[in-house]
Amino acid sequence: MAPIALSLSVALGTVNFSGVARRSGNFFPCSSRKLRTNLCRFSSSQGKGIRCAISSSSKNNGGVAEISESESAKRFYAWSDYKKPRVCILGGGFGGLYTALRLESLFWPDNKKPQVLLVDQSERFVFKPMLYELLSGEVDAWEIAPRFSDLLANTSVQFVQDKVKLLDPCDHIDVKNPKSASCGGTVHLESGLQIEYDWLVLALGAETKLDLVPGATEYALPFSTLRDAQRVDSQLKTLERTNFSKKSLIRVAVVGCGYSGVELAATISERLQDRGLVQAINLENTICPTAPPGNREAALKVLSSRNVELLLGYVVRSIQRVDDAETSEKPNSRPNQGAQSDLASSSYRLELQPTERGSQGRTLEADLVLWTVGSKSLLSTLESSKTYREQLPLNSRGQAETDETLRVKGHPRIFALGDSSSLRDSNGRLLPATAQVAFQQADFAGWNLWAAINNRPLLPFRFQNLGEMMTLGRNDASVTPSFIEGLTLEGPAGHAARKIAYLIRLPTDEHRLKVGISWLTKSAVDSIASIQTTLTGVFTATANVRHHSSKRN
């Protein structure tokens with residue numbers, strides 16, 4: 001995962017622009033209240049006269065828009081009011097969800113508050129910086145991956161679970177013949193549903209690029225989604241179970257020693273302890289080359305104290321299943337194309353090539369291969385119509401070219417942020433794809449949408465680097481704030497600071513309260529267990545001393 005940045009000051013509150021922000025929802029909503037949603041009916045139509053049947057509605061009626069499966073292939077999403085602005089947000093990650101919540105928190109003039117629709121292929125929002133805690137057992141899945149329906153229950157934001165297939169914008173500005181478009185365009189979903197919008201937000205995120213090395217797609221596991229984390233945890237449990245009575249070590253290869261790779265290596269090595277060996281491979285001759293020195297030194301200290309072998313200055317050339325590699329060496333034989341479901345019952349051979357000339361290559365075997373190198377914007381995976389291909393400007397990474405207000409160049413009604421945006425800083429460098437950048441961009445995207453709808457000037461986005469954080473185990477982390485030069489919080493202090501910062505940045509007040517209570521309860525239980533263990537050790541030692549004393553007498 002890209003560098004996880006400290007967001008303490010941004011976390012303490014959204015940017016305040018002339019008092020337009022207001023509080024959203026109650027801080028103590030009734031937890032027993034039954035979720036009420038709008039059940040919108042979609043119908044086949046060639047015009048815009050689409051009716052919306054609403055049942056069980058309430059004043060705060062955010063929820064899931066259900067799609068009827070009995071309708072014909074060509075269906076349009078039924079906005080409740082075509083006189084109000086229609087904002088469609090693609091992607092429910094940090095950029096998309098937080099933009100939707102920001103729009104909900106702003107004060108809107110009469111008849112100007114937009115209808116907001118959030119589209120994501122998953123039913124859950126995932127707080128990705130804390131996926132590592134799923135492997136260590138520190139957090140439960142519901143704490144870092146709540147359902148969108150729960151997060152949006154007390155808002156007017158609607159949610160559709162679907163995958164984006166095609167974009168068809170119609171707001172393109174022709175330099176030779178500029179004109180103002182009356183509507184933004186249409187989004188086509190894989191289910192056949194079409195969404196006409198006035199304003200569009202691209203926040204589709206990115207996925208791990210596994211096709212860089214032969215065998216990586218078949219045999220390596222990525223670590224960027226909730227499903228990825230659950231699969232890795234399942235594979236580790238299988239290996240722990242099968243190797244329980246064996247003396248052989250569980251061998252885990254981690255490809256990449258950026259933030260994600262180092263956090264994975266630290267977490268897994270702590271989990272396996274003396275039962276496993278983690279081998280971390282990196283192209284560079286150091287780990288976390290872009291990290292602050294304090295974070296890098298803290299990580300090196302932790303990794304050197306555990307069963308972690310750093311293989312620096314190596315490139316993975318290929319990954320093979322051991323059985324396939326042995327079979328391919330025999331004449332007239334074909335490798336076995338096994339499914340990834342058999343990963344835990346196999347071992348794999350990685351061919352490493354050194355980056356320095358004159359050095360010898362290496363071959364290592366692993367029971368589990370984790371891949372953290374390379375990513376590609378999901379925006380580049382969409383199908384392309386002629387209009388989309390010609391109009392939406394994408395760079396070589398598949399990211400939309402944006403101006404400093406986060407608007408896509410040539411498209412005044414489309415905003416892009418996070419992994420979908422290629423915004424550069426004042427030095428001309430692309431902004432990193434971090435959670436901190438997405439947090440800050442969501443605030444500005446929400447405000448600039450408010451400004452555009454109300455014919456106000458848009459604000460240029462300026463990224464403020466607040467520092468970087470990384471987890472190194474259950475009670476260990478490293479935090480380097482940028483506003484205090486030379487300071488790095490390590491160990492339990494860094495761990496506590498990191499958890500507090502992320503608790504503050506969870507999406508809603510209600511969810512923050514639930515998670516905060518859960519974490520406090522777990523902390524209290526762990527403290528009591530630690531005290532009991534300490535007292536048991538003291539009593540045992542005292543008893544042994546008395547026993548030896550009585551023998552002497």
Side-chain angles (χ1 to χ4, degrees), residues 1 4-15 21-31 33 35 37 60-64 87 89-106 116-131 133-134 139-161 201 203-205 225-226 229 417-419 434-447 449 469 498-519:
M1 185 176 293
I4 306 305
L6 178 66
S7 52
L8 282 172
S9 64
V10 171
L12 296 177
T14 57
V15 183
R22 63 176 177 82
R23 300 196 177 191
S24 174
N26 298 325
F27 190 80
F28 298 97
C30 180
S31 59
R33 181 189 303 168
L35 176 64
T37 62
N60 293 324
N61 55 7
V64 180
V87 177
I89 301 175
L90 303 182
F94 292 113
L97 175 64
Y98 284 67
T99 297
L101 295 175
R102 178 66 169 146
L103 289 171
E104 182 73 12
S105 70
L106 295 173
V116 180
L117 176 66
L118 181 66
V119 180
D120 195 272
Q121 59 184 338
S122 173
E123 68 171 347
R124 295 176 180 270
F125 162 76
V126 180
F127 200 92
K128 292 186 177 182
M130 300 199 74
L131 282 176
E133 277 81 346
L134 284 179
V139 301
D140 298 321
W142 70 268
E143 296 171 344
I144 64 167
R147 289 184 173 86
F148 287 110
S149 57
D150 295 332
L151 294 175
L152 302 175
N154 295 315
T155 72
S156 61
V157 178
Q158 291 291 308
F159 172 69
V160 167
Q161 184 181 350
V201 178
L204 291 169
T225 67
L226 176 63
L417 56 157
D419 293 295
T434 65
Q436 183 183 187
V437 172
F439 286 145
Q440 296 185 25
Q441 286 182 335
D443 269 343
F444 275 80
W447 166 257
L449 277 166
M469 305 187 292
R498 179 177 176 272
K499 290 196 74 171
I500 291 173
Y502 284 152
L503 176 64
I504 295 172
R505 288 308 301 170
L506 289 177
T508 64
D509 291 340
E510 182 179 9
H511 189 64
R512 279 191 290 271
L513 178 62
K514 292 179 180 178
V515 173
I517 293 175
S518 177
W519 287 358

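The figures here come from the full heavy-atom set of this structure, side chains too, leaving out hydrogens, waters and symmetry mates.
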Calculate, to the nearest 0.5 Å, the distance between atoms [atom1] and [atom2] belonging to [X] and [Y] respectively.
| X | Y | atom1 | atom2 | value |
| --- | --- | --- | --- | --- |
| Ser149 | Gln158 | OG | CD | 11.5 Å |
| Gln161 | Asp120 | CD | CG | 8.0 Å |
| Glu123 | Asp150 | CD | CG | 9.5 Å |
| Leu131 | Thr225 | CG | OG1 | 7.5 Å |
| Glu143 | His511 | CD | NE2 | 7.5 Å |

Restricting to non-hydrogen atoms, name the atom on [X] and the atom on [Y] that form the minimum distance, rounded to 0.1 Å.
| X | Y | answer |
| --- | --- | --- |
| Val116 | Ala100 | CG1-CB, 4.2 Å |
| Phe125 | Gly92 | CD1-O, 3.2 Å |
| Gly96 | Ala203 | N-CB, 3.5 Å |

Check: [Y] and [X] side chains under 4.5 Å, non-hydrogen atoms:
| X | Y | value |
| --- | --- | --- |
| Leu101 | Leu152 | yes |
| Arg505 | Phe127 | yes |
| Phe94 | Gln436 | no |
| Ile89 | Val157 | no |
| Phe444 | Leu417 | no |
| Leu226 | Leu134 | yes |
| Val515 | Trp142 | yes |
| Leu503 | Ile500 | no |

Exercise for the section: Evaluate the side-chain contact (heavy atoms from CB on, under 4.5 Å) criterion for residues Ile144 and Glu133: first the C-alpha distance (whole Å), next the side-chain angles of each, then the deciding distance (0.1 Å), finally the verdict. Expected result: CA-CA 9 Å; Ile144 64 167; Glu133 277 81 346; 6.0 Å; no
Does [Y] offer a backbone N or O that forms a donor-acceptor pair with the side chain of [X] under 3.5 Å?
| X | Y | answer |
| --- | --- | --- |
| Gln441 | Gly418 | yes |
| Arg102 | Ala442 | no |
| Arg512 | Leu506 | yes |

Problem - Step-by-step side-chain contact (heavy atoms from CB on, under 4.5 Å) determination, Thr99 to Leu449 - result: CA-CA 9 Å; Thr99 297; Leu449 277 166; 4.3 Å; yes
Problem - Residue pair Glu104 / Ser156, side-chain donor-acceptor N/O under 3.5 Å - result: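 Present: a donor and an acceptor within the cut-off.
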